[in-house]
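Worth knowing before you read on, the calculation uses all heavy atoms, side chains too, and leaves out hydrogens, waters and symmetry mates. Just so we're on the same page: letters track the sequence lines, and every chain starts at 1.
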4 protein chains.
Amino acid sequence: MLPVIEQAESAAGRTSAGASDGTSTPVRPGRRRSEESRLAILTAATELLGEVGYARLTVEGIAARAGTGKQTVYRWWPGKADVLLEAVTAHARQHIALPDTGDHAADLRTFLAATFAAATPPTTDALRALMAEAQIDPAFGDRFRETLLHPRREALGTLVDRARTAGLLAPQLTTATAVDLAFGALWYRLLGTRDPLDDDLAELLTRTLLLPSATSSGSADGA
Amino acid sequence: MLPVIEQAESAAGRTSAGASDGTSTPVRPGRRRSEESRLAILTAATELLGEVGYARLTVEGIAARAGTGKQTVYRWWPGKADVLLEAVTAHARQHIALPDTGDHAADLRTFLAATFAAATPPTTDALRALMAEAQIDPAFGDRFRETLLHPRREALGTLVDRARTAGLLAPQLTTATAVDLAFGALWYRLLGTRDPLDDDLAELLTRTLLLPSATSSGSADGA
Amino acid sequence: MLPVIEQAESAAGRTSAGASDGTSTPVRPGRRRSEESRLAILTAATELLGEVGYARLTVEGIAARAGTGKQTVYRWWPGKADVLLEAVTAHARQHIALPDTGDHAADLRTFLAATFAAATPPTTDALRALMAEAQIDPAFGDRFRETLLHPRREALGTLVDRARTAGLLAPQLTTATAVDLAFGALWYRLLGTRDPLDDDLAELLTRTLLLPSATSSGSADGA
Amino acid sequence: MLPVIEQAESAAGRTSAGASDGTSTPVRPGRRRSEESRLAILTAATELLGEVGYARLTVEGIAARAGTGKQTVYRWWPGKADVLLEAVTAHARQHIALPDTGDHAADLRTFLAATFAAATPPTTDALRALMAEAQIDPAFGDRFRETLLHPRREALGTLVDRARTAGLLAPQLTTATAVDLAFGALWYRLLGTRDPLDDDLAELLTRTLLLPSATSSGSADGA
DNA sequence: GCCTAACCGAGACGGTACGTCACGTCTTTGG
DNA sequence: CCAAAGACGTGACGTACCGTCTCGGTTAGGC
């Protein structure tokens, strides 16, 4: 249950830090980036999203709420969507672990339940906005898939693959299609029906993706 | 395979109509709505969406391309998203029938395949844009769900329910969750992975939602 | 004190009525112009001007208040300014007579006082609006000068000329410049200072334009 | 002939200024107002007024001609009329001095002639438009009177008052009414007859407002 | 202990599109 | 043929944000 997925620190890059060899430590002169401003901007964006919605969320508003200049936002992020993306990925990195107990069905159920549990009101608004922006701005769409969707797919794919190797996956499914079904249900409820994402859905998905034998006695049904 | 789902003719309504009985012939005075302009706007919106993308699609641009005034767009639609919504629903109404051959598994597979076939490049752009806008503008979201998502859910729900009544549905699923899984896969591929929606996916979904016995001999595998 | 100045009946012309001889009664076919609509429009325009001001006075508003269609306004007048112009000229024609008592100084004073008296709140708003529109729309400016300013100049010019012939006019003035001074004061107060136009101003103008001898003993002071 | 009337520098004010004492040097942060844009807008407005007339003069057109954004116009002026007002007042401030030679009649004549000389084609169009707008938009009317009409009245009033104190003013006139007559003639010719404003009119007004003795020998008729 | 570089707040800049308003015209139905 | 009703193409409005470009004023090395 340990290895948390590591992701890029920030969309902006331009990191000073060098690699292991001592050759490159450019350590530029000048004032350092204000961590205070960075956090204030992430917080302001998240709060404002909840208050006014994504459509009326503006970079000007974020900067004003954060008490910074507009340029400070644009210096580090391409736009409002990337600010939210950083806020969300930071949150996801903290809360969703990749379990490995040996019980592949239970691991899958646990991971899905944790994923769904992380998709609660402060975050769901951001997720819906990000997926929307990804459709509208292709360049952001690439960053969004790269930073958020792919890592999540890989995490779930790892678990599904373990089950498949153990012969527990339903025969008509590949790892990729199983992941499609699971995240499909997640996103469809987020975007389309807005029904809640609860533990029942995690259980239902686990039983649908795996063979009956993998789940019937192994965990839920018992005896 | 007959009953095509009927939906609202237009966002505007206000038809003069009058049934066979002589009671209602309101026939207002004044110039009639220009059908020519209406079609020109729908066409222009669809074309421009393909050419410049949703972000750079503007009401001004639609009106200019259609050779109409901006006000004529705003008179009949709340914004660019609703124009696209009308264009898409008209398309969906024409192309997706609700089959009823008695073979519930085959009907389901046919319906899904037809649904996926309708989601091809001219239309996919619009669908992705509409789902995006639905996240961003809550009021449009309601209209979108009402006019597009719900009717599609009901259509698929009807087929799934027939299978469920015949005892073919996988036991852990309800009609609603089965529909969630099918449309979840559809939308997730549209929005997230952008993988193609092909007949294989229709087959895979049918086999995953229904019991093995319903599909193994009934249609694909055959005796 | 009799001869009221005759002016054009309407800016639109196209009158059917024939002269006294029976030869010309062209009596065109079709529905006749509605006198009811015409008066309703003139009344509505005057009322609305007082209520919302000239800037927010619109042809649509006039038609709506008058209970007519917009086209009925445009059929008979070029725009809102001409509607007001007709309303004002009708009013002026009724109330300002051209006196001729033999006492030229008194006639002048009487005429100016009557002119000023006619320029009271319901009418001043219209006059100011018309003069404004005349500056902005050159074509209307021509009609405005033709229909309103010139006839008024001619009326006053007649009186001044009588005084000049009698040797009462101040020697440095011509008829034209005397009229300029009188109407200049009138319009400047209307447009610029918005001070009241009272009998004192009529008296002051009379004494300034005429020789002292013409007014000191001749009429007011009296011997 | 020295003291030119000082008026507000700009509609915007908000000068950093600071008197000689070190207490007040507010020097706000942020980018400074672009003097280049300000002049380009004033020039563009004046040029376009001459080319297309006030009715077809638009803020959009001014901004386009000036090479600025529309918002930059609206940031500093309420509308097109105020742009013209600033252009005109700057012009008036430069060209009309207040003479004081001791010969009150000559001073009056000189001032009027200078005023009339400043009212030539580039400027007359603007003056007529401004007076028109002042009738149509009451709020602008207040600004117009405040910044243009009142200062001009005060300047002329000062000269007239000197003449009155010296006993040269025609007895029936007050300072205010004398000013009314002079500016009345000016504006009436501008707006109504559009006759030229020449030196003859300056002479005529001087002789009409002052006693014959003040002008007969003093300047024109002369020895 | 400067110098130089980079970041910070603030806010004006040139733009684009918004959604609204009114214009003056055109097209209906009906007197 | 006129009148009401009302949709049409048009064009400007004033606003909101966009993303960029100055400003004066901090912070930090490096020399």
Q.
If you assign B:G79 and C:G79 each to the DNA chain E nucleotide with the nearest heavy atom, which residue ends up on the more 5' nucleotide?
A. B:G79
(Q) Please compare A:E60 and C:Q71 by the position of their nearest nucleotide in DNA chain E and report the one closer to 5'. (A) A:E60
Q) B:S34 or D:R31: which one's nearest nucleotide on DNA chain F is closer to the 5' end? A) B:S34
Q. On DNA chain F, nearest-nucleotide positions of C:S37 versus A:K80: which is more 5'?
A. C:S37
Please give, in whole Å, the distance from [N] [atom2] to [X] [atom1]?
X: D:R75; N: F:dA16; atom1: CZ; atom2: C1'; value: 12 Å
X: C:D137; N: E:dA22; atom1: CG; atom2: P; value: 19 Å
X: D:E35; N: F:dC23; atom1: CD; atom2: P; value: 13 Å
X: C:K70; N: E:dT27; atom1: NZ; atom2: P; value: 15 Å
X: D:R38; N: E:dG14; atom1: CZ; atom2: P; value: 14 Å
X: D:I62; N: F:dC13; atom1: CD1; atom2: P; value: 8 Å
X: B:E36; N: F:dG9; atom1: CD; atom2: C1'; value: 13 Å
X: D:Y74; N: E:dG14; atom1: OH; atom2: P; value: 15 Å

(Q) Minimum heavy-atom separation for D:L48 and D:R65, please, with both atom names. (A) CD2-NH2, 3.4 Å
Give a yes/no on whether any side-chain N or O of [X] is located under 4.0 angstrom from OP1 or OP2 of [N].
X: C:W77; N: E:dG24; value: no
X: D:T72; N: E:dA12; value: no
X: C:W76; N: F:dA3; value: yes
X: D:R28; N: F:dG24; value: no
X: B:R32; N: F:dG6; value: no

Q | Pairwise distance CZ(D:R143) to CG(D:D137) - rounded to 0.5 angstrom | A | 6.5 Å
Q. Could you state the interatomic distance from CG (A:L85) to CZ (A:F140), rounded to the nearest 0.5 Å?
A. 4.5 Å
Q. With a 4.0 Å cut-off on heavy atoms, is D:G61 in touch with a base, just the backbone sugar-phosphate, or nothing at all?
A. nothing
Q: May I ask you to test the C:R38-C:E86 pair for a side-chain heavy-atom distance under 4.5 Å?
A: yes
Q. Counting distance only, does the side-chain N/O of B:R32 pair as donor-acceptor with the main-chain N or O of B:G30 below 3.5 Å?
A. yes
